[in-house]
Q: 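Take a look at the following structure, please.
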2 protein chains.
Amino acid sequence: MKQKKAIINKLRTSGLRPTKQRILIAQNLFEREKTFHFTVETLNKEINKNGSEKVSLATVYNTVEAFTKAGHIKEILTSKSKSYFDTNIKSHHHFYDEDSKELTDINYNQVKLSKVPNPPKGKKIKNLEVVIRLQK
Amino acid sequence: MKQKKAIINKLRTSGLRPTKQRILIAQNLFEREKTFHFTVETLNKEINKNGSEKVSLATVYNTVEAFTKAGHIKEILTSKSKSYFDTNIKSHHHFYDEDSKELTDINYNQVKLSKVPNPPKGKKIKNLEVVIRLQK
DNA sequence: TTCTAGTTTATAATAATTCTAAACTACAAA
DNA sequence: TTTGTAGTTTAGAATTATTATAAACTAGAA
Ligand SMILES: [Mn+2]
Ligand SMILES: [Mn+2]
Ligand SMILES: [Zn+2]
Ligand SMILES: [Zn+2]
């Protein structure tokens with residue numbers, strides 16, 4: 001509620017019309033204290049829980065895609081069956097707890113890759129973020 | 001064809017009956033010179049290409065699951081839309097080419113993780129295999 | 001040879017995601 | 001202010017990898 005102007009601006013400068021659905025989702029995602037790791041399913045529940053405005057599941061999918069393309073959130077490749085997203089767009093690593101299916105941030109400097117192979121010619125490394133799988 | 005006995009034994013000692021379907025798939029997977037990275041789709045094509053014996057897709061799925069549980073192949077978490085498997089069951093890293101969707105092995109000692117965070121209490125690290133995404 | 005648990009198979013079901021096309025809306029321009 | 005239109009939302013259908021179902025088949029112990 002506090003920085004609605006800023007959010008509208010964020011949307012506009014990404015070429016996204018500030019519709020009430022996008023503003024609602026953006027507020028939910030970007031006005032948090034802590035990093036939020038989510039799936040479309042969890043975000044959809046979150047958005048539609050307090051009976052007020054209903055946002056369709058299709059719109060949640062569309063918005064998550066639009067925000068990802070705009071670089072406001074990023075996708076974490078973790079699970080084979082479901083896509084995970086992250087409001088922390090800085091390069092960083094994760095623990096993934098396979099029991100609870102929860103992601104936790106690891107600071108980038110908490111993992112040190114002291115040796116990395118050269119990519120095949122003609123290709124470059126897109127990213128080097130590590131997901132460390134946890135179990136009991 | 002050469003070590004059919006060995007393959008039958010491998011199946012038996014895993015508690016898997018050596019059916020003709022499993023033997024065929026095991027021969028295809030385990031009598032290769034080089035590591036094979038595959039999806040169920042590619043393996044199914046491979047198995048069913050030379051008109052001889054037909055193996056149903058359901059059986060390919062069942063067999064891949066059985067071989068994974070037995071530890072004869074392992075799953076690589078790479079793509080969100082499709083499961084990848086690997087005949088190289090040693091701990092090792094991969095390049096994943098997002099254009100061609102191909103996996104390439106990286107020797108375990110080609111990547112050095114000199115600093116790794118401690119897992120949260122009560123949890124342990126299941127594995128530490130890195131997938132390095134490539135792009136043009 | 002017989003019996004049965006294990007296996008194969010066609011097919012249906014599931015579930016995340018994407019597509020479609022009609023209704024709606026932000027907003028630039030008149 | 002009104003209008004025109006491209007962009008957006010939406011319900012529902014389609015897609016696609018995978019898993020479940022249940023009937024027919026078979027390996028192999030007895
Ligand atoms: Mn999917
Ligand atoms: Mn799936
Ligand atoms: Zn994160
Ligand atoms: Zn490999």
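All chains are named by letter (A, B, ...) in the order of the sequence lines, taking the proteins before the strands, and each is independently numbered beginning at 1.
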Q: What is the separation between atom CG on A:N62 and atom P on C:dT18, rounded to the nearest whole Å?
A: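 Spelled out: CG on A:N62 to P on C:dT18 is 10 Å.
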
Q: So, taking the atom named NE2 in A:H93 and the one named CG in A:N109, what distance separates them when rounded to the nearest 0.5 Å?
A: 8.5 Å

Q: Can the ring centroids of B:H37 and B:Y84 be said to lie less than 6.0 angstrom from one another?
A: no

Q: At under 4.0 Å between heavy atoms, what does B:K20 touch on the DNA or RNA strands: base, sugar-phosphate, or nothing?
A: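 No contact at all - B:K20 keeps every heavy atom at 4.0 Å or more from the nucleic acid.
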
Q: Looking only at side-chain atoms of B:A58, point me to the closest of C:dT11, C:dC27, C:dT7.
A: C:dT11

Q: Just the rounded figure in Å: distance from P of C:dA26 to CZ of A:R12.
A: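 About 11 Å, once rounded to whole Å.
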
Q: Check the phosphate of D:dT9 against A:R22, side-chain N and O only, distance under 4.0 Å to OP1 or OP2. Yes or no?
A: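 Checking A:R22 against D:dT9: at least one side-chain N or O falls below 4.0 Å of OP1 or OP2.
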
Q: How close or far is atom C1' of D:dG7 from atom NZ of A:K69, stated in whole angstroms?
A: 14 Å

Q: Measure centre to centre between the rings of B:F30 and B:F36, then say whether the value is under 6.0 Å.
A: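 For B:F30 and B:F36, the ring centres are not under 6.0 Å apart.
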
Q: Among C:dT7, D:dT18, D:dT10, which nucleotide sits nearest the side chain of A:S56?
A: D:dT10

Q: Base, sugar-phosphate or nothing for B:T39? Non-hydrogen atoms, less than 4.0 Å.
A: nothing

Q: Without decimals, in angstroms, what is the distance between A:L11 CG and D:dG7 C1'?
A: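 It works out to 14 Å between those atoms.
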
Q: Given A:D97 and A:R133, is the salt bridge (charged side-chain N to carboxylate O under 4.0 Å, His left out) satisfied, shown in steps?
A: CA-CA 6 Å; A:D97 186 326; A:R133 269 146 231 295; over 6 Å; no

Q: What's the CG-C1' distance between A:N44 and D:dA11, to the nearest Å?
A: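 The distance from CG of A:N44 to C1' of D:dA11 comes to 14 Å, rounded to the nearest Å.
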
Q: Without decimals, in angstroms, what is the distance between B:E75 CD and D:dT19 C1'?
A: 14 Å

Q: Rounded to whole angstrom units, what separation is found between the CG atom of B:L16 and the P atom of C:dT8?
A: 9 Å

Q: Whole angstrom is fine here: how far is it from CD in B:Q21 over to C1' in C:dT7?
A: 8 Å

Q: Name the nucleic acid region contacted by A:T59, choosing base, sugar-phosphate or nothing; use a 4.0 angstrom heavy-atom cut-off, strictly under.
A: base

Q: Between B:H94 and B:D86, is there a side-chain heavy-atom distance shorter than 4.5 Å?
A: yes

